[in-house]
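Structure first, commentary second.
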There are 2 protein chains.
Amino acid sequence: MKYSNQSRVLVAVDSIIIGFDGFDYKILLIQRGFAPEKEKWSLMGGFVQNNESVDEAANRILKQLTGLEDVYLEQLHVFSEPDRDPIERVIAIAYVALIDIQKYQQQINDDFHARWFLLKELPKLIFDHEEMVRAALERLRYKAAFHPILFELLPEKFTLPQLQAMYEGLFDTKIDKRNFSRKVLSTNLLKKEKDKDKSSSKKGAFFYSLDEQNYKENFQSILNFIPKNEIQLLNE
Amino acid sequence: MKYSNQSRVLVAVDSIIIGFDGFDYKILLIQRGFAPEKEKWSLMGGFVQNNESVDEAANRILKQLTGLEDVYLEQLHVFSEPDRDPIERVIAIAYVALIDIQKYQQQINDDFHARWFLLKELPKLIFDHEEMVRAALERLRYKAAFHPILFELLPEKFTLPQLQAMYEGLFDTKIDKRNFSRKVLSTNLLKKEKDKDKSSSKKGAFFYSLDEQNYKENFQSILNFIPKNEIQLLNE
DNA sequence: TCAAAAGTGTTACAGTTACACCCATGT
DNA sequence: ACATGGGTGTAACTGTAACACTTTTGA
């Protein structure tokens, strides 16, 4: 039994895969392997199959491209202009993925002709993918302002200057390092390691790692009309 | 020309329509007019047509039910478990609508057997609609903490005690009225009217109205690692 | 006149910002 | 020895929370 007189449509998933290499934000793009727009740069995408939810499809497709599982992956928005794909109507569900470039670089599958592009130097993208990238960055800025998601972009061990550069890059601003480190450390989210990263200075900067206990629990938001201690868990 | 070897699927829109009557939050439900689950309570929904985006579909369907246009309507999340609808696979894109019950009550179309239910006394809903309602409330709490969206639920003119009750209801808390009014008024978002609402006290409470100039611009968020004056417009 | 809700001010505290110098090390 | 980036403390300020009494008026 089926619903009658309704038209069915292709549903695709497209992922904006964001990375940070310690200095710059990058996005992973592929050269599309089939018409239309064959060979043009594109977000990683694919069609949702019969037996999977769209979340599952996004994870499956991400794994095909990068070999990665258990990556931060969040539904962004549905893009559905009837003529966004010239071949036939495709409703696209965009996802944002945050991954640690360094750790996983070797796993990127070359079969897909995937390449990291500097965020500031993206090539032209097919269809409405540039709009998707814009929306993804807006969302990332928004969430990063209140949630510790940017840690997803960092390796196991990272330094405070790296962390600060990541926030400065995303918000395109300079932050006072004294205030920054005080705020970050006051969350008790970080554990100081014994060793230092000497790759970018002579003195070296201490490594820190995430305190997994507190992460995703300890971090909360501030708000406006409601007294602060009334906000418990505003998960989003 | 078409993409080959891909299966097409029905795409629907379901809207969680939230209202506030001055005392309680309510949700607008309909009795589903067709099988399966005919006569059961359901969110307002419908299938996306060939020539419209999903945003357009959501607006169209909302207008069919309520007669309302230009209502606050926001994409919430895609619900896509393959078996969420027993008849055939349907991918549902959930929307949240915020409407002023009082102003539009007369426009609600009775043909649809629509009824407002107290949020605290919802009936059983079909499919995964209860999950959608839960997600909608979470989103509403989240956004309301940082954005002035709850004003969408109020009539043109409203009182501070009403506004406060709305925030208290959503967050299930009590707020000090002195602090609340100081904070709210300090945003310069409200204009004090000359007349009072005497419906709930002898003294009467002054009406206020939104200063449309400032609304949607003046209201900003606070954040954590980034100095406050670095946050310009974190639209979401 | 009294009950019920509206309206208003002050003080203590906490969090945020602005700001400048010393430290460690490789060359 | 010096250049480079890493690390730290304090004081002024701003925003938030806690708190209680007076006002208005219909019944």
Side-chain angles (χ1 to χ4, degrees), chain A residues 22-23 145-146 154 157-169 171 173-208 218-232, chain B residues 22-23 145-146 154 157-169 171 173-208 218-232:
Chain A
F23 303 95
F146 301 104
L154 290 170
K157 301 195 315 187
F158 51 87
T159 66
L160 288 187
Q162 279 168 20
L163 185 63
Q164 182 173 340
M166 204 168 52
Y167 278 88
E168 290 180 336
F171 290 94
T173 184
K174 290 285 171 201
I175 304 178
D176 182 284
K177 63 182 172 179
R178 290 163 290 192
N179 293 338
F180 183 80
S181 81
R182 188 162 356 94
K183 279 193 200 179
V184 170
L185 296 176
S186 75
T187 64
N188 290 322
L189 230 63
L190 301 192
K191 285 200 305 260
K192 192 174 192 169
E193 300 288 323
K194 304 244 177 327
D195 50 338
K196 286 182 160 188
D197 169 31
K198 297 210 164 188
S199 68
S200 68
S201 81
K202 294 155 187 178
K203 181 177 179 181
F206 277 106
F207 280 118
Y208 287 80
N218 226 14
F219 223 92
Q220 262 349 295
S221 13
I222 316 175
L223 90 187
N224 223 272
F225 290 163
I226 320 296
K228 287 191 183 172
N229 47 24
E230 296 295 342
I231 320 174
Q232 287 98 355
Chain B
F23 303 94
F146 302 105
L154 290 170
K157 301 194 317 187
F158 51 87
T159 67
L160 288 186
Q162 280 168 19
L163 186 64
Q164 182 172 341
M166 205 167 53
Y167 277 89
E168 290 180 338
F171 290 93
T173 184
K174 290 286 170 200
I175 304 178
D176 182 284
K177 62 182 173 179
R178 290 164 291 190
N179 293 338
F180 182 79
S181 81
R182 187 163 356 92
K183 279 193 201 179
V184 171
L185 295 176
S186 76
T187 63
N188 290 322
L189 231 65
L190 301 192
K191 285 199 305 261
K192 191 174 193 171
E193 300 288 323
K194 304 243 176 326
D195 50 338
K196 285 181 160 188
D197 168 31
K198 297 212 164 188
S199 70
S200 69
S201 81
K202 293 153 187 176
K203 182 177 179 182
F206 277 105
F207 280 116
Y208 286 81
N218 226 14
F219 223 90
Q220 264 346 296
S221 13
I222 316 175
L223 92 186
N224 222 270
F225 289 165
I226 321 296
K228 287 191 183 174
N229 46 25
E230 296 295 341
I231 320 173
Q232 287 97 356

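Below, all heavy atoms of this structure are taken into account, side chains as well, without hydrogens, waters or symmetry copies. Just so it is clear, the structure is predicted and the values come from calculations on it, not from any experiment. Naming convention: chains lettered A, B, ... in sequence-line order (proteins, then strands); numbering from 1 in each chain.
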Between Lys194(A) and Phe206(A), what is the shortest heavy-atom contact and its length?
O-CE2, 3.6 Å

Given atom NZ of Lys198(B) and atom P of dT23(D), what is their separation to the nearest angstrom?
17 Å

State, to 0.1 Å, how close Ala165(A) and Gly22(A) come at their nearest heavy-atom pair, and which atoms those are.
CB-O, 4.2 Å

Exercise: identify the closest heavy-atom pair between Asp197(B) and Gln162(B)
OD2-NE2, 3.3 Å

What is the distance from CD of Gln164(B) to P of dG7(C), rounded to the nearest Å?
11 Å

Without decimals, in angstroms, what is the distance between Phe180(B) CZ and dA6(C) P?
12 Å

Nearest-angstrom distance from the residue atom CG of Asp195(B) to P of dT24(D):
18 Å

Hits for salt bridge (Lys or Arg N to Asp or Glu O under 4.0 Å) against Arg182(B), two or more places apart or cross-chain, chain-then-number order -> none

Least distance between heavy atoms, Ser201(A) atom then Gly204(A) atom
OG-N, 2.9 Å

Between Phe180(B) and Leu160(B), what is the shortest heavy-atom contact and its length?
CE2-O, 4.1 Å

Encode nucleotides 5-14 of chain D as B, S and - characters from 5' to 3', where the letter depends on protein heavy atoms closer than 4.0 Å: B to the base, S only to sugar-phosphate, - to neither.
BBBBBB----

Spacing between Ile175(A) atom CD1 and dC19(C) atom P, to the nearest angstrom
16 Å

